[in-house]
Amino acid sequence: MSYIVAIDGPAGAGKGTITKLVAKDLGLVSIDTGMLYRCHALAVLRNKIPISNEKEVAGILEKIDINLKNKNNKQLVFLNGEDVSTQIRTPEVSGIVSQTSSFPSVREKITKIERKIGYDWLKEGKNIIMEGRDITTVVFPDAKVKIYLDATPIERAKRRCRQNKRNGINQSFEEVLQAIMERDKNDMNKPVGALKKAPDAIYVDSSKSSVNKIKHKIISIIKQKTKEIEQ
Ligand code: DC
């Protein structure tokens, strides 16, 4: 029987990197749900919708088509058939997605999209690994494997600084740390879909371990849990 691995955690904990590596090793379909929220935010920008207007911000989801596709082991996101995988990473989108994703009516609609994507893969007999902020708690609370991947704010800020340096972005460590703590506060205090550890999720701290070590740890959790299912 096909199974779901659900992973949640704060920005910079390594969910994206780890999820892709685990998916590759175990042959799972990996799904990054942040791309759906970013695609919606891009549609809000393109349609010049005032971001404080929840009705319009959520309403646009009735008029657009958001779709994920996997190409050469890479996840792409399509807005009305157009590949917008690069456009969703601009500072403009990053600047509003926290707010557009906080509206309950937006989350309700995107949760439906996430479940449909998940069930469609399961129907095809695939196992999936889905990462986000509320996958273990709201989207697939009955997932066979549930993991909360965490790291200290200082470690996440160090990672973000290294990433910024590679991308030519100049921001002090203090500024980066402040932004991360601000984002944690927003993510953890959303009225619906707030980031929190599900009581039955396994807590994994990536602060002091290499990517490889965390990958192996998560693979062994998945193997253990799926063996339990088979028994
Ligand atoms: O993982 P990310 O940074 O690409 O996510 C983009 C935004 O979407 C971020 O502000 C958190 C939000 N998000 C969410 O609220 N729920 C999810 N399941 C995934 C992302």
Side-chain angles (χ1 to χ4, degrees), residues 6-22 30 32-42 44-45 51-52 75 77 85-103 106-107 110 129-139 146-199 201-218:
I7 303 195
D8 288 323
K15 297 186 303 292
T17 308
I18 298 290
T19 298
K20 285 185 200 86
L21 292 172
V22 169
S30 104
D32 167 358
T33 60
M35 287 176 82
L36 297 172
Y37 284 99
R38 285 174 179 273
C39 185
H40 165 247
L42 177 66
V44 168
L45 281 176
I51 61 163
S52 54
Q75 182 181 297
V77 64
S85 311
T86 311
Q87 290 91 322
I88 60 163
R89 303 284 169 198
T90 60
E92 289 76 21
V93 170
S94 300
I96 67 158
V97 64
S98 183
Q99 183 167 351
T100 52
S101 67
S102 69
F103 293 127
V106 168
R107 303 200 68 81
I110 293 195
I129 181 164
M130 187 178 274
E131 57 111 339
R133 305 292 192 287
D134 61 345
I135 313 303
T136 59
T137 51
V138 176
V139 183
K146 293 165 64 167
I147 291 166
Y148 188 90
L149 186 63
D150 203 3
T152 62
I154 290 193
E155 183 53 38
R156 289 186 282 130
K158 281 188 196 162
R159 291 176 191 168
R160 182 52 50 88
C161 280
R162 286 197 289 269
Q163 196 182 26
N164 282 351
K165 216 170 163 186
R166 284 198 297 274
N167 295 328
I169 299 168
N170 197 11
Q171 223 181 357
S172 74
F173 177 78
E174 285 69 28
E175 279 172 327
V176 172
L177 181 60
Q178 186 62 36
I180 279 189
M181 297 204 319
E182 199 64 43
R183 200 158 155 191
D184 283 357
K185 206 171 120 201
N186 284 344
D187 278 349
M188 290 171 180
N189 290 294
K190 283 180 176 147
V192 174
L195 173 67
K196 60 174 180 236
K197 184 192 159 301
I202 295 172
Y203 185 87
V204 177
D205 186 347
S206 75
S207 306
K208 291 195 169 65
S209 302
S210 67
V211 166
N212 203 35
K213 213 166 157 194
I214 297 296
K215 178 186 89 172
H216 285 293
K217 186 168 185 170
I218 291 183

* Got Glu131 and Ser30 here, is their nearest side-chain heavy-atom distance under 4.5 Å? -> no
* Please assess Arg107 against Val138 for the test side chain to side chain contact (heavy atoms under 4.5 Å, CB included), listing each intermediate value before the final yes or no. => CA-CA 10 Å; Arg107 303 200 68 81; Val138 176; over 6 Å; no
* Structure fact -> d(Ser102 OG, Asn189 CG) to nearest 0.5 Å is 11.0 Å
* Asked: Between atom CD of Gln87 and atom CD of Glu92, what is the distance when rounded to the nearest 0.5 Å?
  -> 11.5 Å
* Where is the tightest heavy-atom contact between Gly14 and Arg159, given as atom of each residue plus distance? -> N-NH1, 4.1 Å
* Verify, without hydrogens or angle tests, whether Ser206 (side chain) and Ala13 (backbone) share a donor-acceptor contact under 3.5 angstrom. => yes
* Structure fact -> Residues pairing under salt bridge (Lys or Arg N to Asp or Glu O under 4.0 Å) where one sits in residues 180-189, two or more places apart or in two chains, turn out to be Arg133-Asp187, Arg156-Asp184, Asp187-Lys190
* **Spacing of Ser209 atom OG and Lys215 atom NZ [to the nearest 0.5 Å]** => 14.0 Å
* Side chains of Asn212 and Ser210, donor plus acceptor under 3.5 Å -> no
* To do: Identify the heavy atoms of Val22 and Ile129 that sit nearest to each other, and give their distance.
  => CG1-CD1, 3.9 Å
* Go through the structure and list residues passing side chain to side chain donor-acceptor pair (under 3.5 Å) with Lys158, not counting sequence neighbours. => none
* Structure fact -> Note: Val211 and Ile18 closest approach over all heavy atoms is O-CD1, 3.6 Å
* **Pair Ser85-Gln75, side chain to side chain contact (heavy atoms under 4.5 Å, CB included): steps then yes or no** => CA-CA 8 Å; Ser85 311; Gln75 182 181 297; over 6 Å; no
* Asked: Within a radius of less than 6.0 Å around NZ of Lys217, do more than 12 heavy atoms belonging to other residues, nucleotides or ligands occur?
  -> no
* Non-neighbouring partners of Arg160 that pass salt bridge (Lys or Arg N to Asp or Glu O under 4.0 Å), sequence neighbours left out -> none
* **Single hit among Ile88, Val97, Thr100 for side chain to side chain contact (heavy atoms under 4.5 Å, CB included) with His40** => Thr100
* Compute whether any side-chain donor of one residue and acceptor of the other, for Arg38 and Ser94, lie under 3.5 angstrom apart. => yes
* Within the side chain of Glu155, is there an N or O that forms a donor-acceptor pair under 3.5 Å with the backbone of Thr152? -> no
* To do: Kindly compute the distance separating CD1 (Ile214) from OG (Ser207), expressed to the nearest 0.5 Å.
  => 8.5 Å
* Counting heavy atoms not belonging to Asn170, are there more than 12 under 6.0 Å from its CG? -> no
* Asked: Can you tell if the side chain of Pro10 reaches within under 4.5 Å of the side chain of Tyr148, non-hydrogen atoms only?
  -> yes
* To do: Compare every heavy atom of Val176 with every heavy atom of Cys161, then report the nearest pair and how far apart it is.
  => SG-CG2, 3.8 Å
* Hey, is Asp150 close enough to Lys197 for a salt bridge, meaning N to O under 4.0 Å? -> no
* In this structure, which one of Ile7, Ile147, Asp32 forms a side chain to side chain contact (heavy atoms under 4.5 Å, CB included) with Lys15? -> Ile7
* From CG (Asn186) to CG (Leu195), nearest 0.5 Å -> 11.5 Å
* **Single hit among Val77, Val93, Thr90 for side chain to side chain contact (heavy atoms under 4.5 Å, CB included) with Leu42** => Val93
* To do: To the nearest 0.5 angstrom, please state how far the CD1 atom of Ile51 sits from the CZ atom of Phe103.
  => 7.5 Å
* Answer whether the closest heavy-atom distance between the side chains of Val139 and Thr33 falls below 4.5 Å. => no
